[in-house]
Amino acid sequence: MISKAIRLARVGSVSELAAALLVGLGFPCVMLAAVIPNLWFFAFAAFVTYAADHYLHRCGSYLVNRLAAVRAGLSIRFLVRQLLLILLLSRMGYGEDPLFYVTVACLLAFYGLQAPQSAMVTLIRLRRKLPVVTRNVDLSALAVRDAPPKLLMNRPAEKMLHLDLFAMVGVLIAIGSDTEVVAYAGLALMLGTAFLYLAALLPHIRPSRLVVPEATVLAAVDNWLRDYRPTVILYFSGSKDSAYQVNMWLETMARLGGRPLIFLRERNIVPQLAMTSVPVLCVPGGVHLMNLDLSSVRVALYAANVGKNIHMLRVPTMKHVFIGHGDSDKLASVNPYSKVYDEVWTAGKAGRDRYALADVGVRDEDIVEVGRPQLASIKPWTGAPRNPVPTVLYAPTWEGWDDNPGNTSLLLAGENIVRRLLTAEQPVRVLYKPHPFTGTRSAQAKAAHFRITAMIQQAAAERAVDPRWAKEREALRAGQAEAQAEMARIEVRLSQLAGSASTDKDEAELSRDSRIAPEVEAETLKLRDEWNDAYWRAAGWWEHKVIAGPEPRLYDCFNESDAMVSDISSVVSDFIASGKPYAVTDSAGVGAEEFQRQNTAVRAAVILSNPATELDALLAAITDPAADTLAEARRELKRYLLGPDEPTSLEQFDTAVQALAAKAEARNIGVARSLGEPVGG
């Protein structure tokens with residue numbers, strides 16, 4: 001019942017739901033206490049609403065926005081509480097007392113001070129907002145000043161409004177003790193601290209403390225572009241939840257020849273970007289983009305098919321390539337939009353054949369097979385489980401934008417899969433890593449995810465006290481403590497490398513200061529690998545895990561697992577690089593033969609129906625080579641989907657970039673000659 005209420009209220013925890021209920025019930029109680037009147041009931045109910053309201057804001061509750069939408073926003077809630085305080089004064093017999101009139105006047109004055117405070121905060125934020133956001137780009141010519149202290153700018157409306165606590169406490173004490181001087185002191189403190197807040201903000205609205213004009217910033221960026229002369233860009237547009245689609249290409253971009261540049265279109269992607277030493281330029285405005293000097297760029301790589309791609313596709317001096325963010329049999333992998341690019345790069349021959357079968361207008365001569373450079377970290381299978389208890393990874397994809405039952409196994413098969421794994425005759429360890437988008441569109445998928453998470457957590461708790469594992473727990477105790485200490489040490493160093501003070505900086509300061517040296521990036525990658533190794537050592541090899549966050553990474557989960565269960569997505573194609581047994585769920589129920597015909601990546605998979613009764617075949621293949629009848633099929637499918645092992649995918653990718661850059665240069669020279677313009681320089 002409680003979990004259902006949490007889902008309906010769209011809150012994240014029981015405590016958040018409780019705080020929301022306290023806010024909803026608290027205000028009627030405050031009103032009732034003022035009408036009765038009852039001083040102590042009023043004081044208790046009022047401070048409950050203060051505390052619950054503050055908690056909801058601290059945890060960024062969804063309900064805060066919903067309250068504003070129904071005319072119960074933050075300012076209204078504080079104003080109502082102040083009006084009820086005045087009502088209490090009147091009902092307690094102070095209606096003709098000077099205290100009543102002074103309280104009303106001070107609260108009105110306090111309300112009036114909120115307007116200049118809000119105006120100054122808004123002005124500072126607007127004038128400190130650069131037209132671009134950068135990383136690893138030299139903006140020293142702009143002389144960007146430091147931002148105001150976080151104490152002034154973080155949740156300023158909430159801080160200003162809470163100053164009325166001085167008045168609230170003072171007036172209530174005055175009523176209870178019949179000592180009016182306490183009320184006057186509280187009212188004076190409220191107004192005094194409000195004036196101090198305004199005085200602290202005032203120096204930061206001087207022109208010298210605000211950022212330079214937009215045109216000056218864009219000119220500085222153009223100057224940097226002319227100095228750096230990028231040759232290849234990774235262009236990306238999307239929501240903050242889709243940042244993984246660009247993050248997967250960062251390491252590849254850093255290792256390319258030439259001068260790479262990460263080009264983003266949404267500000268909220270930048271904070272989600274993984275560490276990289278490659279210059280990052282985020283240009284939200286289409287007009288600004290069109291006026292930038294990108295004449296040195298010869299190749300633009302696109303990780304997603306989105307509408308904003310058109311702003312870069314219009315540039316004829318560069319060649320445009322769709323590289324995607326995964327290779328799968330989903331319809332997204334044969335999007336007709338792909339024909340707008342000069343070339344489409346796929347991992348192996350399967351991608352080429354996929355476009356031919358789809359017949360969406362992408363010509364065969366425009367397809368280039370380049371492998372998957374990101375898969376280099378996936379370790380090949382040794383043919384036997386890593387630990388005495390085999391590990392099975394369940395990595396379902398999300399529900400998609402439509403209601404196709406074949407999108408995700410979560411809805412119809414997820415709980416059956418997890419239940420059968422948890423109750424298998426031969427014990428296995430379950431790792432559950434859902435897609436980052438899970439539950440963003442479908443409430444049913446989100447609910448299934450929560451139920452599966454609860455199942456695994458309960459099984460993990462039971463296994464933690466199961467006497468069958470007591471000896472193993474004792475044997476690993478010292479090693480686990482050592483691994484946990486190592487994780488803590490690594491996290492401290494990673495925080496140092498990332499810059500622990502960066503959270504106190506605003507967007508303009510980060511654009512000014514964020515520079516990642518290649519050696520820092522290399523150390524960070526090394527430490528992340530060490531952290532991942534320590535993470536798995538810190539847990540028993542029999543312990544079930546729910547991995548909902550970005551760490552450990554998906555490929556780290558691949559390496560830790562002996563088999564995987566998933567859906568039609570790029571996850572399956574990537575896992576095939578390991579050579580390990582895998583299963584794919586036919587959630588739409590088209591039948592194994594038709595399912596394999598439609599989806600190349602499942603030709604070497606154990607096909608699961610929604611009841612998941614076929615899981616026994618997958619579990620047998622992990623531990624018994626004789627039962628692994630699909631081993632050779634997996635090897636052949638790997639070559640077909642991902643291309644040859646030699647040359648490496650990175651070498652293939654870099655060669656393709658250089659070849660296309662040469663085509664772009666030849667095109668530009670040809671156009672210049674036909675127009676009688678000078679060539680070279």
Side-chain angles (χ1 to χ4, degrees), residues 232 234-235 245 248-249 252 256 299-306 309 313 319-376 378 397 406 566-579 582 584 594-605 632-664:
V232 55
L234 174 62
Y235 180 99
Q245 297 175 1
M248 68 169 58
W249 287 106
T252 300
L256 285 180
V299 176
L301 307 170
Y302 298 81
N305 281 317
V306 293
N309 287 7
L313 284 164
K319 293 292 184 180
H320 306 273
V321 185
F322 181 67
I323 56 175
H325 52 270
D327 189 278
S328 76
D329 288 312
K330 282 185 174 181
L331 290 177
S333 292
V334 287
N335 193 324
Y337 188 95
S338 300
K339 59 178 171 284
V340 305
Y341 305 101
D342 295 294
E343 290 185 357
V344 174
W345 292 357
T346 68
K349 190 175 183 299
R352 180 186 299 277
D353 292 346
R354 198 178 292 126
Y355 274 106
L357 288 170
D359 192 22
V360 292
V362 177
R363 300 180 303 177
D364 185 72
E365 58 266 32
D366 293 334
I367 297 175
V368 179
E369 299 169 29
V370 296
R372 286 291 307 282
Q374 302 96 330
L375 306 186
I378 298 177
T397 191
S566 189
D567 308 321
I568 293 301
S569 70
S570 61
V571 170
V572 172
S573 300
D574 292 352
F575 188 80
I576 288 170
S578 71
Y582 68 102
V584 181
E594 179 63 16
F595 191 53
Q596 288 181 321
R597 187 191 69 79
Q598 293 180 8
N599 303 290
T600 307
V602 306
R603 293 179 184 174
E632 181 56 34
R634 290 197 302 273
R635 284 189 285 270
E636 293 179 1
L637 187 58
K638 176 185 174 182
R639 287 191 293 270
Y640 181 57
L641 285 175
L642 304 175
D645 293 332
E646 294 295 336
T648 66
S649 291
L650 181 63
E651 290 170 333
Q652 295 177 57
F653 195 91
D654 193 40
T655 298
V657 169
Q658 302 310 319
L660 196 57
K663 290 182 181 180

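Remember, it's a predicted structure, so these values are computed and weren't measured experimentally. Because only heavy atoms are used, hydrogens play no part in the values below, and waters and symmetry mates are left out as well, while side chains stay in.
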Can you find a pair of side-chain heavy atoms, one from [X] and one from [Y], that are under 4.5 Å apart?
| X | Y | result |
| --- | --- | --- |
| Y337 | F322 | no |
| N335 | V360 | no |
| V299 | V321 | yes |
| L642 | L375 | yes |

Could you list the residues that satisfy salt bridge (Lys or Arg N to Asp or Glu O under 4.0 Å) with [X], not counting sequence neighbours?
| X | result |
| --- | --- |
| R639 | none |
| D574 | R372 |
| E646 | none |
| R634 | D628 |

How close do [X] and [Y] get, heavy atom to heavy atom, and via which atoms?
| X | Y | result |
| --- | --- | --- |
| G371 | P373 | O-CD, 3.7 Å |
| L637 | R603 | CD2-N, 4.3 Å |
| T397 | I568 | CG2-O, 4.3 Å |
| V344 | S338 | CG2-O, 3.7 Å |
| Y582 | A601 | OH-O, 2.5 Å |

Taking only residues two or more places apart in sequence or in another chain, which ones pass side chain to side chain donor-acceptor pair (under 3.5 Å) with [X]?
| X | result |
| --- | --- |
| Y341 | N305, N309 |
| Y302 | H320 |
| D353 | K349, Y640 |

Polar side chain donor-acceptor pair, T346 to Y355, under 3.5 angstrom: no
Chi angles and distances behind the side chain to side chain contact (heavy atoms under 4.5 Å, CB included) call for L641, T600: CA-CA 8 Å; L641 285 175; T600 307; 4.0 Å; yes
With no hydrogens and no angle check, is any side-chain donor or acceptor of [X] less than 3.5 Å from a backbone partner on [Y]?
| X | Y | answer |
| --- | --- | --- |
| K638 | R635 | no |
| W249 | G324 | yes |
| Q652 | P647 | yes |

Atom pair CE (M248) and OG (S570), whose distance is rounded to the nearest 0.5 Å: 6.0 Å
Gap separating the CD1 atom of I323 from the CG atom of L301, nearest 0.5 angstrom: 4.5 Å
Under 3.5 Å, sequence neighbours excluded: what are the donor-acceptor pairs made by side chains of residues 655-664?
unit_1	atom_1	unit_2	atom_2	d
T655	OG1	E651	O	2.8
Q658	NE2	D654	OD1	3.4
K663	NZ	E343	OE2	3.3

Excluding sequence neighbours, so at least two apart, what forms ring pair (Phe, Tyr, Trp, His ring centres under 6.0 Å) with [X]?
| X | answer |
| --- | --- |
| F595 | none |
| F575 | F558 |
| H325 | none |

Pair listing, salt bridge (Lys or Arg N to Asp or Glu O under 4.0 Å) test, anchored in residues 362-371, at least two apart: R352-D364, R352-E369, R363-E365, R363-D366
